[in-house]
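We name chains A, B, ... by the order of the sequence lines, and we start the count at 1 in each one.
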Amino acid sequence: MSDRGGEDAGQPAASPPPPLEWKFSQVFGERTVGEEVQEVDIISAIEFDKSGDHLATGDRGGRVVLFERTDTKDHTGRKDLERLDYPVRHPEFRYKTEFQSHEPEFDYLKSLEIEEKINKIRWCQSANGALFLLSTNDKTIKFWKVQEKKVRRVSEMNLNGPQPIGNGSIAGSSTSASSGTHLLNGGHAERSSNSLGMELSIPPGGFPSLRLPVVASNETNLLARCRRVYAHAHDYHINSISNNSDGETFISADDLRINLWNLEISYQSFNIVDVKPSNMEDLTEVITAAEFHPLHCNTLAYSSSKGSIRLIDLRQSALCDNHSQLFEEHEVAGSRSFFTEIIASVSDIKFSRDGRHILSRDYMTLKLWDINMDSGPVATFQVHEHLRPRLCDLYENDSIFDKFECCLSGDGSRVATGSYSNQFRVFGTVPGSSEATTLEASKNPMRRQVQLPARPGRSLGSLTRVVRRGGESLGAEPDGSPHDFTTKLLHLAWHPSENSLACAAANSLYMYYA
Amino acid sequence: MAMIDEPLYPIAILIDELKNEDIQLRLNSIRRLSTIARALGEERTRKELIPFLSENNDDDDEVLLVMAEELGVFIPYIGGVEYAHVLLPPLETLCTVEETCVREKAVESLCRIGTQMKESDLVDWFVPLVKRLAAGEWFTARVSSCGLFHIVYSSAPDLVKTELRSIYGQLCQDDMPMVRRSAASNLGKFASTVEQGHLKADIIPMFEDLTKDDQDSVRLLAVEGCAALGKLLESQDCITHILPVIISFSQDKSWRVRYMVANQLYELCEAVGPESTRTDLMPAYVRLLRDNEAEVRIAAAGKVTKFCRILEPQLAIQHILPCVKELSSDSSQHVRSALASVIMGMAPVLGKDATIEQLLPIFLSLLKDEFPDVRLNIISKLDQVNQVIGVDLLSQSLLPAIVELAEDRHWRVRLAIIEYIPLLASQLGVGFFNDELGTLCMHWLEDKVYSIRDAAANNLKRLAEEFGPDWALQHIIPQIMEKINNPHYLYRMTILHAISLLAPVMGSEITCQKLLPVIITASKDRVPNIKFNVAKVLQSLIPILQQPVVEQTVRPALVELSEDPDVDVRYFASQALHACDSVMMST
């Protein structure tokens, strides 16, 4: 236990779990020394599926890469069972497949380039052993099915020799793959059906000389197919997509609107939130993230650039202009500065697994909200308080607009988010916990860890409302080096059931466990 | 490789292409599965083709969809109903795929086959299939199973019946909302095959569970089942079991649930009887008409007529009519629009007095609505209006509205009103039509938008059909003749188009005397587009005209066009000449 800094007096009786000790597990796409990072390889989205057996990443080049867990495969043999007897194993993943989800496009009507960068990935209900996921760039959402297909060879035919056949060959082919060919072959199809003269009299037993093609299949191949494309519903950039617990619908949110889709219907969506003012000059607030409640199909939350989170009830009306709950922190008088509004903007929100809490990330802090308490967050965690004096620099180099994501552990007892210099932070949320770990996305995550006692939670008169300040422990960079604002860790995800984190440092995916 | 006889070659290709690389060719083959089956013979179809299809079920969804459909009508090709069970295995697999439309088609085909199977075969083959699907590992199989219970239930022995009911009960409580949704939407069908006694003991509890589901989407479908289930129950049971549910649904927190209730409510009236309708359903309906959510009011407004038909007139006047009055000035144009599309149906229910006194003002205010859709919806129900208030009153109030719509700045609105002109004409009669609307109809021929000009030309044809050639000769033909000299070629083209449409209605003689000379003149137009359209029109006139006229007038004009400098003109002229030739040959 390397950072038990918070063992202070005055903790509540129920002792919080000890801080986790994080260990490096795996890295994918590690950079060799001196290797330059290609822009298209930079990871822009990470998401575990519900079971935690699969992990997907998206990158700026529009690709989606899937990983699968290797340590939970069915153990049937005795050897495997024996192996299971070992102490708890941490999740290990291996590369499964990848496909090109989005391509760069040009909107000729608006003279706009549409980047292929994957903004978000969300997993959907799997069925029949096939995986389903949604991926989106700024404008277009796609529904993907990834499935093992048998590669078949036709070994016997009526007319010509064996030939490889198409269904199930190339990974990454999308719906458009076949559209080009049938024009060419259309005439052929026509001929074979038309010349099939009905004057040909068929004997009662059929023609014995005809035979069905014999198909031999040996290997299987993973095939990703785009099943549906949900397009042309967003005037602004899509920042979030989120599945409903009903398994039937999902939402997509851009700066000003949230649309509701049925997974099976790609030609229409319903606008459920519209914050666009009739005069765009009156615009003061935009939507920054949106997510469905994990259990209640009619509740969704969205955050704004002004730092508020709104909960809406889809049952109330078709167009949800009125929120059912508003979560806002009342600002402390006199503390306003030029940057107050900019850093208040929420860059990400996540529901806890049971839907009781919402975690939000703004530029300087992580906030945990109880959906039964809208007067303020139940806990606030300072992510990189030492940067506060440098907000001016950060504004000038635009870093202040970086959108950091956040995540909760499966049991909700810990939260994590990223920072600069490829660092990320893990905080304990259990009342009394002072866990505030800083890690670096490298093979030695605890390297940057500085052994400074984190201050105990400062009570604000309410037991549930604690402002914890773990941030001071960092202070200035211990080695005196300036913070590297170009290496930022924006995207990370917590395994749904185990203490395992996946984080993206530029083009590399680092996995840690505890 | 086998040697294939020449005549079998096409079928051989068809069979080979079942496994072609190109999906279009596979689709083509699978669509002609019956041909393949006939060529193979019944026995080999059963023993080879069907197993082959069962094995090759990981094809693209488009192919699977067609396969599911074809197998539904495959009984004749496998040797008749006694072998129908052979078709079940491939369809069973198709019931488990992820793509909903494929599963639905497979279920549909299974139902189709099941209804033809013998009872004993159903028990031997179909019941086990339903049970397997219901116990499927993936939700897709369980979703499909829900739609098959009603096929087997009545044929099953008592013990199996009990089992089927309990399995269905489990499906209603499945973990996956998709399965519960399927169970909810198929409950009515299943219930209709269940005996009255078990209906109350087993089905009603399932229904009640579904109505309390966490997921709104499940409850929505449970509402849909209300009416179907209600009709199966005796009136008293319906009042005790279904009525409270629908009443509480009508006040559900979710507007989507209330929306469904608004759509379904009238269907339940019959099942509960007039007394409960008056005391319970009517107040619920009135609440829905005044719902906060516009979507709910839209649904409720759309059912106003159907609901009124069920009520006694006095109740309708007393309770529903005031709501209708409110809705006619609703803040949502869509509500007013929904109301406008059904409101005239209330007239026969209310009787003449109440209609003129109360309904007519509402009707007139909707006819002046600022939103064109509302006005259009009223006009589209013109025949019903006419019956009630008579042509004089109608024409007074209607005409200003029509004229305004006819000049609406949205061309789609203009298009919609043009399409109602023939209906208007038939309702108003020749006398009234001539003065006012005739000018409008001509005016549209010179609209800026092509679709309007096109529709206007069609409209003239339909008017000519309605009022007869003599009328058209007086009121349409002269006006058209004037317009053929319009300086803009696009308008001249519209007239040509109108002429080609009118000619068949006017008959050979008038065409020959009046229309043909105009066309021949037009063949000398300076614009090639006009000229090749002349060629096309002439070609279309050949069957109408008499042979000598074709030879003396049409052919020379076409010959001249066929020597035109423009390639398109020459092409269409030669096409038309070919047509001339073939007509001559055949006579």
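Annotation: side chain of D246(A) is not in contact with side chain of D216(B) (no heavy-atom distance under 4.5 Å). At least one side-chain heavy atom of S209(A) sits under 4.5 Å from a side-chain heavy atom of L8(B). At least one side-chain heavy atom of M176(B) sits less than 4.5 Å from a side-chain heavy atom of Q125(A).
No more than 12 heavy-atom neighbours from other residues, nucleotides or ligands sit within 6.0 angstrom of OH on Y259(B). Around CG of D354(A), the count of heavy atoms belonging to other residues, nucleotides or ligands within 6.0 Å exceeds 12. The environment of CG in N372(A) is crowded: more than 12 heavy-atom neighbours from other residues, nucleotides or ligands sit within 6.0 Å.
For the set K253(B), R256(B), R180(B), R31(B), the count of heavy-atom pairs under 4.5 angstrom toward chain A peaks at K253(B). By number of non-hydrogen pairs under 4.5 angstrom with chain B, the leading residue of P208(A), A130(A), S245(A) is S245(A). Heavy-atom pairs under 4.5 Å with chain A were tallied for N56(B), D214(B), I36(B); the largest tally goes to N56(B). Listed options A318(A), G247(A), C297(A) were ranked by heavy-atom pairs under 4.5 angstrom with chain B; first place goes to A318(A).
At a 4.5 Å heavy-atom cutoff, L27(B) makes no contact with chain A through either its backbone or its side chain. Of the two parts of Q316(A), only the backbone, made up of N, CA, C and O, holds a non-hydrogen atom closer than 4.5 Å to a non-hydrogen atom of chain B. Looking at D61(B), the atoms closer than 4.5 Å to chain A (heavy atoms on both sides) sit in the backbone and in the side chain alike. Contact annotation for T96(B): both backbone and side-chain heavy atoms come within less than 4.5 Å of a heavy atom of chain A. In this structure, chain B has no heavy atom under 4.5 Å from any part of T249(A). Residue contact with chain A, scored on non-hydrogen atoms closer than 4.5 Å, involves the backbone and the side chain of L40(B) alike. Only the backbone of E55(B) comes within contact range of chain A, judged by heavy atoms closer than 4.5 Å.
A salt bridge does not link E48(B) to R211(A): none of the charged nitrogens lies less than 4.0 Å from a carboxylate oxygen. Using a 4.0 Å cut-off between a side-chain N of Lys or Arg and a carboxylate O of Asp or Glu, R227(A) and E98(B) do not qualify as a salt bridge. A salt bridge is absent between R315(A) and E293(B); no separation between the charged side-chain nitrogens and carboxylate oxygens falls under 4.0 Å.
Of all heavy-atom pairs between A127(A) and F139(B), the closest is CB-CE2, 3.7 Å. The shortest non-hydrogen separation linking L314(A) to W255(B) is O-NE1, 3.1 Å.
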Under the criterion salt bridge (charged side-chain N to carboxylate O under 4.0 Å, His left out), I'd like the reasoning laid out for R181(B) against E248(A): C-alpha separation, chi angles, the key distance, then a yes or no.
CA-CA 10 Å; R181(B) 277 198 290 275; E248(A) 185 180 44; 3.5 Å; yes
Apply side chain to side chain donor-acceptor pair (under 3.5 Å) to residues S254(B) and N298(A) and explain how you reach the verdict.
CA-CA 9 Å; S254(B) 167; N298(A) 39 46; over 6 Å; no
